[in-house]
Amino acid sequence: MEKKKFERPLITRIKAGVPDKYGMKSQIKPLTHIDNNLVADLIKEFGSPLYIISEKTIRNTYQSVLRAFTTRYPKVQMAWSYKTNYLNAVCNVYHQEGSWAEVVSGFEYQKAIANGVPGSNIIFNGPDKSDEDLTIAVENGSYIHLDHFDELHALIAITEKLKKKAKVAIRVNMDTGIYPQWDRFGFNYENGEAWSAINKIMTQPNLDLLGLHTHIGTYIMSPMPYSVATSKLAELAVKTFRKFNHYIKYIDMGGGFASKNTLKGAYLPGSDTCPSFDEYAEAISQALNNSDIQYDKMPTLILETGRALIDDAGYLLGTVLANKRLADGRRSMIIDIGINNLFTSFWYEHTIMPAQEQYTDMDDTTIYGPLCMNIDVIRSAVQFPVIEKGEHVVIPRIGAYNMTQWLQFITYRPKVVMIGMDGKPYIVRENENHETMNALDRVPEHLRKFTL
Ligand SMILES: *Cc1c(COP(=O)(O)O)cnc(C)c1O
């Protein structure tokens with residue numbers, strides 16, 4: 001018989017159902033399977049750590065957002081926010097669902113084109129569009145969302161050179177009642193800058209003003225600001241019609257819906273506090289339907305939802321490297337998932353779950369990543385069962401921003417596997433290795449040799 005490992009005895013007060021200053025204690029349930037694939041099998045086949053994406057969850061979430069809006073407003077177009085997750089396979093699932101591409105750089109623009117998105121279905125946002133980027137976007141008939149007057153002037157010069165019209169919208173920032181107000185992108189509503197930009201564009205023969213855009217922030221935990229923002233854009237559309245007899249074809253409300261992750265310092269879990277898609281949809285649709293825009297000229301509503309669409313579809317799988325006690329006796333666990341793989345751990349208290357059924361009592365635990373860095377903490381104080389070296393953990397809800405903001409640091413970035421609609425795993429991104437990591441390094445001749 002195998003000798004059992006010694007575990008320090010533990011006395012814990014029963015706290016079931018009683019909230020303390022950290023909120024309600026919640027039992028951690030194991031997560032053994034993802035879309036019917038055993039976590040341990042996935043790690044065995046593809047390595048650890050490992051990113052998993054559920055195609056089924058992506059499609060289901062997409063459909064539920066779309067349904068929430070189309071049941072309230074007739075003309076809705078989604079545009080996938082590339083920076084939230086631009087793995088080609090992920091983007092293509094959205095494009096198959098009918099989503100356009102929303103990009104914020106020349107690099108993302110190229111990715112969308114390479115994925116097969118027609119230029120006329122690309123929305124080009126962001127404060128950094130080079131003359132070269134703008135030229136390509138004009139030639140392809142993409143929607144260029146102007147961020148500032150310098151960009152407006154550059155675009156006018158480019159359209160004159162190309163002798164071609166550009167399809168444009170302006171990004172508008174405004175007071176929607178949320179703090180801090182995002183006023184660094186686009187033209188301000190309250191100080192009249194947005195209206196002034198519209199007036200300038202309307203005098204330009206080469207610019208076709210098709211839309212009004214805003215992206216009021218991210219992880220907006222109330223539907224109210226969307227109602228305010230929609231009304232303000234609708235008012236600009238009405239004003240534009242009254243002065244120029246020109247209809248705005250679309251109103252783009254950007255992204256920003258909260259996902260169910262829990263922000264650091266939040267009292268209650270995000271899954272309890274974040275509004276439903278129906279609540280956001282109600283706020284936006286009602287503001288549009290109540291506006292003075294003429295009934296038969298209602299604009300298309302574009303949504304660039306990122307985080308809330310993809311977060312639930314992503315999982316990060318890892319393995320326990322060691323358990324040890326800290327100086328004060330507290331338990332700590334080292335796993336092979338570092339903050340380089342989990343960039344969002346800077347602002348979320350990520351849920352972490354054991355990946356096997358049987359486990360012991362819960363204990364206050366600090367969970368560290370594998371990096372040789374003091375800040376590599378996945379959870380600083382969490383109730384967690386004792387799981388042994390070699391056993392696995394799963395961090396759910398990591399689909400947004402982690403696979404774009406991940407850092408190559410100390411070690412290679414791992415594989416990403418998508419569980420397809422058929423329940424089978426497909427590699428959608430290979431892991432890095434010595435060869436791929438060194439491919440871009442150059443060593444000048446005089447630094448090639450040394451003797452020690
Ligand atoms: C990042 C971004 C989005 C997506 O935002 P989420 O908060 O992830 O929904 C949409 N539009 C623009 C312009 C963005 O910069």
Side-chain angles (χ1 to χ4, degrees), residues 58 61-62 64-66 68-69 76-87 90-91 94 99-109 111-112 121-129 133 137 142-148 151 168-174 176 178 180 182-187 211-223 225-226 229-230 233 250-261 263 270 274-277 279-281 283-284 301-314 343-344 346-348 397-405:
I58 295 184
T61 314
Y62 182 91
S64 62
V65 175
L66 197 61
F69 280 89
V76 181
Q77 176 62 54
M78 306 294 290
W80 175 238
S81 157
Y82 262 47
K83 78 170 186 294
T84 310
N85 188 319
Y86 45 56
L87 292 179
V90 168
C91 295
Y94 287 108
S99 198
W100 292 2
E102 185 272 323
V103 303
V104 292
S105 69
F107 156 70
E108 288 186 1
Y109 189 95
K111 253 178 122 60
N121 295 134
I122 300 178
I123 291 171
F124 201 168
N125 278 316
D128 172 22
K129 309 180 193 81
D133 296 336
S142 304
Y143 297 94
I144 300 167
H145 286 189
L146 296 166
D147 188 78
H148 43 73
E151 189 171 74
V168 302
I170 56 163
R171 176 161 178 173
V172 181
N173 70 68
M174 61 188 86
T176 58
I178 52 164
W182 277 23
D183 60 2
R184 57 166 288 196
F185 302 110
F187 304 90
L212 297 173
H213 170 242
T214 190
H215 172 61
I216 57 175
T218 194
Y219 203 95
I220 307 295
M221 290 172 72
S222 155
Y226 283 98
T230 310
L233 289 191
Y250 68 87
I251 281 186
D252 181 342
M253 292 308 298
F257 302 158
S259 80
K260 296 191 190 72
N261 262 308
L263 289 176
C274 98
S276 66
F277 294 132
E279 289 172 272
Y280 290 119
I284 292 172
L301 169 63
I302 296 181
L303 296 165
E304 304 168 348
T305 312
R307 190 186 298 282
L309 275 181
I310 187 84
D311 230 6
D312 281 2
F343 198 82
T344 51
F346 288 115
W347 55 88
Y348 289 147
R397 289 203 179 111
I398 56 91
Y401 296 102
N402 285 300
M403 283 160 248
T404 47
Q405 291 187 294

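Atoms considered below: every heavy atom in the structure, side chains included; atoms not considered: hydrogens, waters and symmetry mates. In listed order, ligands and their atoms are each counted from 1.
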Student: F187: which residues meet the ring pair (Phe, Tyr, Trp, His ring centres under 6.0 Å) condition with it, sequence neighbours left out?
Tutor: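 Residues passing ring pair (Phe, Tyr, Trp, His ring centres under 6.0 Å) with F187: F149.
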Student: Thinking salt bridges, do D311 and R397 make one under a 4.0 Å N-O criterion?
Tutor: no
Student: List for me each residue that meets side chain to side chain contact (heavy atoms under 4.5 Å, CB included) alongside Q77, sequence neighbours excluded, and say none if there are none.
Tutor: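 So Q77 forms a side chain to side chain contact (heavy atoms under 4.5 Å, CB included) with W100, T300, I302.
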Student: Under the rule for ring pair (Phe, Tyr, Trp, His ring centres under 6.0 Å), what residues qualify as partners of Y401, not counting sequence neighbours?
Tutor: none
Student: Which is it for F257 and R307 under the side chain to side chain contact (heavy atoms under 4.5 Å, CB included) test, yes or no, and what are the steps along the way?
Tutor: CA-CA 7 Å; F257 302 158; R307 190 186 298 282; over 6 Å; no
Student: Give every pair formed by an N or O atom of ligand 1 and a protein N or O atom closer than 3.5 Å, one pair per line with both atom names and the distance to 0.1 Å, or write none.
Tutor:
residue: ligand 1; atom: 5 (O); partner: Y401; partner atom: OH; Å: 3.4
residue: ligand 1; atom: 7 (O); partner: T218; partner atom: OG1; Å: 2.5
residue: ligand 1; atom: 7 (O); partner: G256; partner atom: N; Å: 3.2
residue: ligand 1; atom: 8 (O); partner: R307; partner atom: N; Å: 2.8
residue: ligand 1; atom: 8 (O); partner: Y401; partner atom: OH; Å: 2.5
residue: ligand 1; atom: 9 (O); partner: G256; partner atom: N; Å: 2.8
residue: ligand 1; atom: 9 (O); partner: G306; partner atom: N; Å: 2.8
residue: ligand 1; atom: 11 (N); partner: E304; partner atom: OE1; Å: 2.6
residue: ligand 1; atom: 15 (O); partner: K83; partner atom: NZ; Å: 2.6

Student: If you define the side chain from C-beta out and look only at heavy atoms, does anything of E102 sit under 4.5 Å from I122?
Tutor: no
